Amino acid sequence: MSESKANSILDTLETAFPDARLLLDFRNPFELLVATVLAAQAPDERVNQITPHLFQRFPDALSMAEAPLEAIEEAIKTVSYFRQKARFLKEMSKVLVERFEGKVPASLEELVTLPGVGRKTANVVLANAFSIPALPVDTHVARVAQRLGLAKSNDAEKIEMELCAQIPQERWIRASHLLGFLGRRVCKARKPLCEQCPVTRWCDFFEKNR
DNA sequence: ATCCCGAGGG
DNA sequence: CCCTCTGGAT
């Protein structure tokens, strides 16, 4: 698998979708971390709907760590798994206060020790709050990578490694935005809109199904 | 029924 | 790796 193929795909996507970006547009690490935890298996639009009030009420790890669980549940009750997530957020905030001086750590190893934070969420925070090279692989990025022949594995972590091996480090963050955007808007799981896709000339999936 | 930018436990 | 968690929209 050549690096030039991945670069060509990214160049084409950048031209086609210059505005592709993370839908959860928070630079504050704590806010991005919380929003990303909430966004697991829930539409980003619904998360963006509640975050203004949520961060007014709980602006930092300390206020969330000290809040009653019921108060957090009430503030996020419109998102999926809100009880489980409220528990994660409170426990996560307590760990931030007790072990990280109330600040979000800027390393993968530390981030994944936080309750409710897995590899994908950790990479989102690293890339978008700290501008540290990382390539978060969600279901969309994974699917697109497989269809384009950029990854052969089914495991998200292995797909991340396969992508990182083919994409220059300085493009990892942008690659996650572009591949994610393509996956959400065009290269859908169910009914992919191949006629709208700018990168079909590199796509195994398109070749096979035409 | 299936999807939504998953994580944790078995 | 597979299952569950759990809720609303399409």
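Numbers restart at 1 for each chain; the letters A, B, ... are given by sequence-line order, proteins then strands. The shown structure was predicted, so the numbers you read here are calculated from the model rather than taken from an experiment.
Residue-level contact check: A:G180 touches neither bases nor backbone, having no heavy atom under 4.0 Å from any strand. Counting any heavy atom pair closer than 4.0 Å across all strands shown, A:L24 reaches no nucleic acid atom. Residue contacts for A:V117: at a heavy-atom cut-off of 4.0 Å it reaches the sugar-phosphate backbone alone, with no base atom in range. Here A:L114 lies in heavy-atom contact (under 4.0 Å) with sugar-phosphate atoms only. Within the 4.0 angstrom heavy-atom criterion, only backbone atoms of the sugar-phosphate kind lie near A:P115; the bases stay farther away.
Each of A:T121 and A:R143 was matched to the nucleotide of DNA chain B holding its nearest heavy atom; the match closer to the 5' end belongs to A:R143. Map A:S176 and A:R190 each onto its nearest nucleotide of DNA chain B; the residue landing nearer the 5' end is A:R190.
Taking the six-membered ring for Trp and thresholds of 30 and 60 degrees, A:F181 and A:F17 have ring planes inclined between 30 and 60 degrees apart.
Side-chain contact between A:R174 and A:L10: absent, with no pair of heavy atoms (C-beta onward) separated by less than 4.5 Å. A heavy-atom distance below 4.5 Å is not found between the side chains of A:V137 and A:L179. Between A:V141 and A:V144 the shortest side-chain heavy-atom distance does not fall below 4.5 Å. Within the 4.5 Å cutoff, no side-chain heavy atoms of A:L24 are placed close to those of A:T51. Looking at A:F206 and A:P192, their side chains never come closer than 4.5 Å, going by heavy atoms from C-beta outward.
Nucleotides B:dC4 and C:dC1, compared at atom C1', are 22 Å apart to the nearest Å. One P atom belongs to C:dG8, the other to B:dA7, and the distance between them is 22 Å to the nearest Å. To the nearest whole angstrom, the two P atoms, one in B:dC5 and one in C:dT4, are 23 Å apart.
Within the structure, every side-chain polar atom (N or O) of A:H140 is placed at least 4.0 Å from both OP1 and OP2 of B:dC3.
Following rounding to the nearest Å, A:L135 (CG) and B:dC5 (P) show an atom-to-atom distance of 17 Å. Separating the CD atom of A:E160 from the P atom of B:dA7 is a distance of 11 Å, rounded to the nearest angstrom. Spacing between atom NZ of A:K85 and atom P of B:dG6 amounts to 9 Å, rounded to whole angstrom units. The separation between A:M92 atom CE and B:dG8 atom P is 11 Å, rounded to whole Å. Note: CZ (A:F88) to C1' (B:dA7) measures 6 Å, nearest angstrom. Going from atom CZ of A:R184 over to atom P of B:dC4 covers 10 Å, rounded to whole Å. Atom NZ of A:K188 and atom C1' of B:dC5 are 15 Å apart (whole Å). Atoms CZ (A:R21) and P (B:dC5) sit 13 Å apart, rounded to a whole Å.
Other cluster members for A:Y81: none, since no ILVMFWY side-chain heavy atom sits under 4.5 Å from it.
Side-chain contact, A:S8 with A:D11: no donor N or O sits under 3.5 Å from an acceptor N or O.
Which of B:dG6, B:dC3, B:dC5 sits closest to the side chain of A:D138 comes down to B:dC5.
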Given protein heavy atoms under 4.0 Å, the one-letter contact record of nucleotides 1-10 of chain C, with B base, S sugar-phosphate only and - none, is simply S---BBBS--
